[in-house]
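Inspection log for the structure reproduced underneath, given as structure tokens.
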2 protein chains.
Amino acid sequence: MADSYHHGNLREALIDAGIKIINENGEENLSLRKVAAACGVSHAAPYAHFKDKEELIDAIKANVTDKFMEKLIEAVEGKPSADAAIIAMGRAYVTFFSKNPDYFIFLFGKQNITAHLKMSKEYKGDYPPFLLLRRMYLLHLEENGLEKTVEEQEIDLIKIWSIVHGMTSIACMKGVKSSFNWNDIDERLLT
Amino acid sequence: MADSYHHGNLREALIDAGIKIINENGEENLSLRKVAAACGVSHAAPYAHFKDKEELIDAIKANVTDKFMEKLIEAVEGKPSADAAIIAMGRAYVTFFSKNPDYFIFLFGKQNITAHLKMSKEYKGDYPPFLLLRRMYLLHLEENGLEKTVEEQEIDLIKIWSIVHGMTSIACMKGVKSSFNWNDIDERLLT
DNA sequence: TGTTTTAACTTGACAATGTAAAGATACCCG
DNA sequence: CGGGTATCTTTACATTGTCAAGTTAAAACA
């Protein structure tokens with residue numbers, strides 16, 4: 001089926017090839033024509049599956065986010081308390097992107113989190129990682145018998161996300177000398 | 001001098017034109033040829049001043065950072081305490097980029113903070129905004145008679161920067177519904 | 001089964017872009 | 001004043017995103 005006129009599963013193949021290219025050569029080397037060539041099809045073939053380059057990139061983004069989400073869920077599973085779960089999420093967050101800095105730049109790079117908000121529509125709800133964090137956070141309030149207004153909750157959530165995200169930013173910087181140890185800070189994550 | 005063969009001050013003109021284009025149309029619309037056209041010179045003229053596109057962009061970046069730095073210094077000046085200065089810096093940080101979201105994407109977008117570290121070399125030292133923050137932070141320790149190890153200091157600094165930077169990320173998201181109020185959180189900034 | 005419709009792909013073309021090479025121009029230093 | 005050099009232009013080329021028109025094969029239908 002690989003040598004037939006019809007590729008068979010070009011859409012998935014294009015996404016996979018895109019991820020591979022980003023992984024090996026960074027986002028700046030991603031071009032429609034290269035992705036097409038990597039799949040052994042003509043340069044215009046992707047247009048049968050994606051309106052334009054942006055749509056391909058969005059699809060790749062969604063795919064990478066799924067991988068990210070897997071790690072987060074993995075981190076949360078089987079944790080004894082919400083606090084432990086949240087800390088594990090933070091660790092997983094940093095770890096995931098430290099291992100794949102290209103993914104961080106790719107996901108949060110150009111349009112920062114804007115892209116994710118846009119993606120939320122596909123998920124028909126909030127951005128999944130943030131949703132998971134909120135769930136864990138609410139659980140944390142419950143477990144500790146805390147009561148907070150919605151506004152206070154939003155502030156806490158943004159604060160947590162900000163710290164983790166900001167740290168990841170820094171952790172992803174290549175050539176950073178800092179011997180900063182993520183473990184030193186995690187118990188201070190919860191206000 | 002504007003109609004002579006030699007432009008006179010093309011380097012600066014290119015940088016200004018670049019900033020203007022980014023401001024009005026975003027970074028994705030920045031092309032060497034457009035910048036050149038905006039200055040009324042041929043499309044290859046920039047190569048007399050910049051090795052390639054990246055070098056032009058780096059120059060623009062340095063220029064925008066200078067503007068950013070001005071605001072930070074402005075915010076710090078005349079504050080009664082280091083604590084007040086740090087909070088003012090945080091406010092200025094968010095305010096500056098909220099007013100010019102394109103600058104945030106431009107500065108921290110593609111390579112995130114990596115670009116800034118690279119720029120540090122030009123400044124022959126640390127990244128100026130971070131340097132200012134460290135100065136204020138050390139002053140804060142002194143004023144409050146606190147003693148911390150260098151490691152603890154680095155953690156605090158990264159934490160502060162992470163919060164502010166992460167919040168700015170979120171603040172810069174277009175179309176974010178959150179009625180999040182920056183003022184609600186600033187007194188909690190200092191550990 | 002034979003025909004038609006349609007989705008998936010190819011080919012060819014075009015404009016925009018980054019960049020290199022070679023030439024033109026005018027300013028500066030002797 | 002004259003040569004040297006930095007600045008700018010012209011021309012050219014490869015890469016890229018995108019479109020339009022044609023081609024193929026698979027699915028739908030009669």
Side-chain angles (χ1 to χ4, degrees), chain A residues 1-63 102 105-106 109-111 115 118, chain B residues 1-61 102 105-106 109-111 115 118:
Chain A
M1 207 165 273
D3 53 345
S4 73
Y5 189 91
H6 286 74
H7 183 283
N9 205 357
L10 185 55
R11 209 193 126 93
E12 314 279 320
L14 288 169
I15 292 174
D16 288 346
I19 290 179
K20 201 176 169 200
I21 289 178
I22 290 174
N23 250 328
E24 293 172 356
N25 305 85
E27 190 183 357
E28 66 277 6
N29 275 85
L30 183 80
S31 77
L32 272 188
R33 293 172 106 104
K34 278 180 193 161
V35 174
C39 295
V41 294
S42 81
H43 61 264
Y47 284 86
H49 302 274
F50 303 99
K51 190 178 132 275
D52 54 13
K53 192 187 181 184
E54 198 189 342
E55 219 173 83
L56 206 208
I57 290 185
D58 284 349
I60 297 176
K61 227 164 245 181
N63 205 288
D102 281 327
I105 292 166
F106 176 57
K110 235 171 181 157
Q111 307 108 316
K118 216 171 59 187
Chain B
M1 207 163 271
D3 52 345
S4 74
Y5 189 92
H6 288 73
H7 183 282
N9 206 357
L10 185 56
R11 210 193 125 93
E12 313 278 319
L14 288 169
I15 292 174
D16 287 346
I19 291 179
K20 201 176 168 199
I21 290 178
I22 290 174
N23 250 328
E24 293 171 358
N25 305 84
E27 189 183 356
E28 65 276 5
N29 275 85
L30 183 79
S31 79
L32 271 188
R33 292 173 109 104
K34 278 181 193 161
V35 174
C39 295
V41 294
S42 83
H43 62 265
Y47 284 86
H49 301 275
F50 303 99
K51 189 177 135 277
D52 54 13
K53 190 186 183 184
E54 197 189 343
E55 220 173 82
L56 205 207
I57 289 185
D58 284 348
I60 297 177
K61 228 165 242 177
D102 282 326
I105 293 165
F106 177 56
K110 232 170 184 161
Q111 308 107 317
K118 215 171 61 188

*Quickly work out the B:Leu10 CG to D:dC8 P distance and round it to whole Å.*
5 Å

_Output the rounded distance in Å from CG (B:Leu56) to C1' (C:dT17)._
14 Å

*asked:* In whole Å, I'd like the distance from the NZ atom of B:Lys34 to the C1' atom of C:dA15.
replied: 12 Å

*Pick out which of B:Asp16, B:Ile22, B:Leu14 makes a side chain to side chain contact (heavy atoms under 4.5 Å, CB included) with B:Ile60.*
B:Ile22

*When the distance from NZ of A:Lys51 to P of D:dC19 is rounded to whole Å, what number comes out?*
8 Å

_Which nucleotide in C:dT10, C:dG18, D:dT10 has an atom nearest any side-chain atom of A:Ala44_ = C:dT10

*Rounded to the Å, how far apart are B:Arg33 CZ and D:dT9 C1'?*
13 Å

*Between C:dA20, D:dT9, D:dT18, which nucleotide gets closest to the side-chain atoms of B:Ala45?*
D:dT9

*Send over the distance from B:Glu28 CD to C:dA16 P, rounded to a whole Å.*
17 Å

_Residue pair A:Leu10 / A:Ala45: nearest heavy atoms and the distance that separates them_ = CD2-CB, 4.0 Å

*Heavy-atom side-chain contact between A:Phe106 and A:Ile57 under 4.5 Å*: yes

_On a heavy-atom basis, which atom in A:Asn29 and which in A:Ile21 lie closest, and how many Å separate them?_
O-CG2, 3.8 Å

_Candidates C:dC9, D:dT10, C:dG18 - which lies nearest the side chain of A:Ala48_ = C:dC9

*Tell me: CD of A:Glu55 to P of D:dT18, nearest whole Å?*
11 Å

*Would you state whether a donor and an acceptor, one from the side chain of B:Arg11 and one from the base of D:dT7, lie under 3.5 Å apart?*
no

*For D:dA6, does either OP1 or OP2 sit under 4.0 Å from a side-chain N or O belonging to B:His49?*
no

*asked:* Is it the case that the base of D:dT11 and the side chain of B:His43 share a donor-acceptor contact (distance under 3.5 Å, atom types as modelled)?
replied: yes

*Whole-Å distance separating the CG atom of A:Leu30 from the P atom of D:dT16*: 10 Å

*asked:* Check this one for me: any side-chain N or O of A:Ser42 less than 4.0 Å away from OP1 or OP2 of C:dC9?
replied: no

*Within the structure, does a side-chain N or O atom of A:Tyr47 lie under 4.0 Å from either OP1 or OP2 of D:dT18?*
yes

*Would you mind reporting whether B:Asp58 and B:Phe50 have side-chain heavy atoms less than 4.5 Å apart?*
no

